[in-house]
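Before any comments, here is the structure.
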Amino acid sequence: MRKIFILFTIFLSLISIAEANQKQELPDVWKKWLDEEVVYIITPKEREIFFSLKSERERETFMRAFWLQRDPTPGTPTNEFRDEHYRRLKYATEFFGRGTVKFGWETDRGRIYIILGEPVDTQRYYETSANTVPTELWQYYGDTSLGLPPVFNIVFYQDMSMGDYKLYSPSFDGPQRLIRAGTRTNFGRYEAYEQIKQVSAELAEATLSLIPGTGGDPSSQSASLSSDLLVSNIQRLPEKKVKSQWAEAFARHKEIVTTDYSVSYIDSNHVLFVHQENNRNYLHVVIEPNRTSMNQYEEKAYAPMKLNAKISDLKGETVHQEEKNIQVEMNLEDFRKIERRVSAVGDVIPLVEGDFTIDLLLRNTQSKEFSSVEGSVHSPSSGMPSLSPILFLFNEKALPRKLQTSAFLFHGRQLYPNTRRLYAKADDLMIYFEIYNPSLDFKSYTLSIAINSEDKILASHDELVGDQTYFLKKYQLSDFASGYYKVLVTVRDNEGNEILSERSEFSVSHRSNIPRPWSYSKIYPPLWHPYFSMVRAYQYLGLEKFGRVIHEVENLYNRANPHKEIAKLLALAYFNLSDYARVIEVLDPIKEVQEVEIIELIGKSYFQLESFESAIEYFKKTLITGGEIIEIINLLGYSYLEIDDRTEALSYFERSLKLSPNQPKIREIIEKIKKKN
């Protein structure tokens, strides 16, 4: 045990050293903010993330967001929490540091006062004939939702009748600690309790337990740890009152949120679901912020939204990144019908096969509110049968076939995801799931659905899979008691062997009605539109699957007038496959476009084909269009060397070295050319 304790102490010391090193780099104003102003209310995660910030702008934006997360009335000019906190800090500094070498906010009384505020009652007991030390009894009403008892006490005592008042612990101090030092050894636990009782019965009870009515027998030599758990709970209240997810979201997106000062983090629910259609995968997203601020102009209500999406593979490499505008807009009459409900904002992103981490940032650019989503999805590979996750819905409806794509519009039915998977008894349980890439054998397989409560099956049925690849099922919940339930979906082969399975949970509330959000989704063209192929092609390019890039866009390129972006994508794929002649062929129709990437790619392809005269022509055009690019200047030097024009080669290599002196290889080539000349 001692070895474990020593290792733990070393671990804590290393953390302290690391934090001290980080703190050395902070300006004094931020050290004061961390170690004095918010030291008792900042959570460990917030503190950790603050240390990771590098610029003043990031720290200032973080501080604004820090206070906004604690503002009980966001949107108003006054932040009541911040004002009250600084009032408490000022009071603690002025009144609790007297007679001690500490600042008032550093004392035990200062810490409790800053966290809990003014006691509802304060009793002060100074030295008396009962041999007690100066003691204070503070009484509070507790918030039971935060794990506090309805009423509790806090006791402070002045050990040795001098200096700072210390926080009292019934189990570690005991009633004897409140007896003067000179006579303390003459009293046992019970005798000390009786002495204190002469001063105050209420104080005597508090020496046994800080929670009234739970003190137990004063003659017992042991005390319950409930009081120490209470004090520990009080000191962790900041972590319970504020979820640190906002700080984690801030850290992931600080480059974006610090640019436009989006500092009001709004907690949210979300669903990520991969839908498969025509052997292509699409990530459908819904983000449900707990609050959406709408602006009004003339007869319109609107919220200008931006959605930043980042998709990474399991190695952390980014395969997709973009920013989208989502303009939520409606007339005032419609807005007044839904203004008290939360919103659900949906989007669709084409997605190649693989396992990915999804990071989404939804910002209201007008109100500076932001919500963040982090999750992972499996996008199935072609030919590999699998089951999708179970998608819980609160509603669905048939829509006329439209030439458009929007979030959770599957097979002519608009689905409304239940992000919390919570239902009332009057609701229908609705679930949706898909079988990805089913083989022909699946037609004779059996699909089983079971709803369980613990080990009891409440509803179940079997059916043949047949030609179905997607399933929408409804179940009445009127006979379900409030509680948690499991849904199990299984596919079995003809011998009864389990081939695929998926399970998830939902809950039924005791409430008669569950408020549902209003939904808004960005609208896209039909799935056959080139937009979707281009997005997938860029993802394949990031994954270095160049053959798949060609498969996605070559047919688009072969149409009458090839789009510039399609031509570039196709050319990049062929270049990475070393098919340089095909690169030149693909880019030939747009070679007159004055764009650096196109001209540079043609020049590099000619260079690889050892057509150095043509390479020189396009490299020079690249410099005219894109400015001084060291790589291109060096390639010009190499090209002139290949055609034995050492004078021109030398001029370009020297030009390169002047721009970037730290190029030993180029310096060596220059020396060789000069010797030959």
Side-chain angles (χ1 to χ4, degrees), residues 268-288 309 311-314 320 344-360 373-396 406-411 413-423 428-438 442 445 447-452 459-461 463 465 468-475 484-492 498-508 517 519 521:
S268 63
N269 296 299
H270 70 275
V271 169
L272 304 174
F273 185 84
V274 175
H275 168 60
Q276 190 173 78
E277 193 160 334
N278 298 324
N279 294 318
R280 306 285 192 181
N281 300 336
Y282 302 87
L283 174 65
H284 286 250
V285 174
V286 64
I287 304 175
E288 195 176 292
I311 301 177
S312 308
D313 63 16
L314 296 183
H320 177 89
V345 179
D347 191 38
V348 182
I349 303 173
L351 189 60
V352 300
E353 63 276 3
D355 294 295
F356 301 104
T357 298
I358 312 298
D359 199 347
L360 305 173
V373 169
E374 188 178 29
S376 58
V377 297
H378 170 69
S379 184
S381 300
S382 177
M384 296 291 291
S386 60
L387 264 178
S388 77
I390 299 169
L391 178 62
F392 291 86
L393 312 172
F394 67 82
N395 197 11
E396 63 86 22
S406 60
F408 297 97
L409 178 56
F410 302 158
H411 313 289
R413 305 197 78 84
Q414 182 64 61
L415 310 185
Y416 299 90
N418 186 340
T419 61
R420 293 184 293 163
R421 293 179 289 177
L422 177 65
Y423 295 88
D428 284 338
L429 168 68
M430 300 184 200
I431 60 172
Y432 173 91
F433 55 91
E434 301 179 7
I435 300 179
Y436 301 135
N437 308 310
F442 272 68
Y445 288 179
L447 174 75
S448 300
I449 302 174
I451 301 174
N452 302 340
S460 66
H461 84 272
E463 63 181 86
V465 173
Q468 299 177 90
T469 58
Y470 62 92
F471 302 83
L472 177 62
K473 301 296 181 182
K474 299 182 183 181
Y475 301 89
Y484 293 93
Y485 298 88
K486 295 178 181 177
V487 177
L488 174 62
V489 176
T490 307
V491 176
R492 290 185 170 86
E498 183 179 295
I499 303 299
L500 304 172
S501 69
E502 191 71 32
R503 68 184 64 220
S504 192
E505 297 180 349
F506 70 96
S507 57
V508 176
S519 301
S521 176

Just wondering, are more than 12 heavy atoms of other shown residues or ligands nearer than 6.0 Å to CZ in R280? yes
Can you measure from [atom1] ([X]) to [atom2] ([Y]) and round to the nearest 0.5 angstrom?
{"X": "T490", "Y": "E498", "atom1": "OG1", "atom2": "CD", "result": "5.0 Å"}
{"X": "E374", "Y": "L272", "atom1": "CD", "atom2": "CG", "result": "10.5 Å"}
{"X": "R492", "Y": "L500", "atom1": "CZ", "atom2": "CG", "result": "11.0 Å"}
{"X": "I390", "Y": "K473", "atom1": "CD1", "atom2": "NZ", "result": "13.0 Å"}
{"X": "I435", "Y": "T469", "atom1": "CD1", "atom2": "OG1", "result": "8.0 Å"}
{"X": "T419", "Y": "H270", "atom1": "OG1", "atom2": "NE2", "result": "9.5 Å"}

Passes side-chain contact (heavy atoms from CB on, under 4.5 Å), L447 versus F433? Steps please. CA-CA 12 Å; L447 174 75; F433 55 91; 3.9 Å; yes
When you compare the side chain of [Y] with that of [X], does any pair of heavy atoms fall below 4.5 Å?
{"X": "V373", "Y": "V285", "result": "no"}
{"X": "V271", "Y": "F408", "result": "yes"}
{"X": "V274", "Y": "P380", "result": "yes"}
{"X": "L429", "Y": "I451", "result": "yes"}
{"X": "F273", "Y": "E434", "result": "yes"}
{"X": "S382", "Y": "E353", "result": "no"}

Sequence-distant partners of Y475, side chain to side chain donor-acceptor pair (under 3.5 Å), two or more places apart: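 Y475 satisfies side chain to side chain donor-acceptor pair (under 3.5 Å) with H461 only.
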Would you say the side-chain atoms of [X] pair up with the backbone N or O of [Y], donor to acceptor, closer than 3.5 Å?
{"X": "N437", "Y": "S386", "result": "no"}
{"X": "Q414", "Y": "A407", "result": "yes"}
{"X": "S379", "Y": "V352", "result": "yes"}
{"X": "S268", "Y": "I287", "result": "no"}
{"X": "Y445", "Y": "I499", "result": "no"}

Heavy-atom pair with the smallest gap, counting every atom of [X] and [Y]:
{"X": "H411", "Y": "Y470", "answer": "NE2-CD2, 3.2 Å"}
{"X": "Y282", "Y": "P350", "answer": "CD2-CA, 4.0 Å"}
{"X": "S504", "Y": "R421", "answer": "OG-NH1, 2.8 Å"}
{"X": "Y416", "Y": "S519", "answer": "CD2-OG, 3.7 Å"}

Do the ring centers of Y432 and F410 come within less than 6.0 Å of each other?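 Close enough - the centres of the two rings lie under 6.0 Å apart.
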is_close_aromatic(H320, F356), centroid dist under 6.0 Å: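 Ring centroids of H320 and F356 are no less than 6.0 Å from each other.
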As a quick check of understanding, evaluate side-chain contact (heavy atoms from CB on, under 4.5 Å) for L472 and L393, giving each step before the final call. CA-CA 10 Å; L472 177 62; L393 312 172; 3.5 Å; yes
Could you note down all residue pairs passing salt bridge (charged side-chain N to carboxylate O under 4.0 Å, His left out) where residues 382-395 supplies at least one of them, sequence neighbours left out?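 Salt bridge (charged side-chain N to carboxylate O under 4.0 Å, His left out) check on residues 382-395 returns no pairs.
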L415 vs L391, test: side-chain contact (heavy atoms from CB on, under 4.5 Å). Steps then yes/no. CA-CA 9 Å; L415 310 185; L391 178 62; 4.2 Å; yes
Do the ring planes of Y485 and F506 sit parallel (below 30°), tilted (30 to 60°) or perpendicular (above 60°)?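 Y485 vs F506 ring planes: parallel.
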Take D347 and L360 through the side-chain contact (heavy atoms from CB on, under 4.5 Å) test and state the conclusion after the steps. CA-CA 11 Å; D347 191 38; L360 305 173; over 6 Å; no
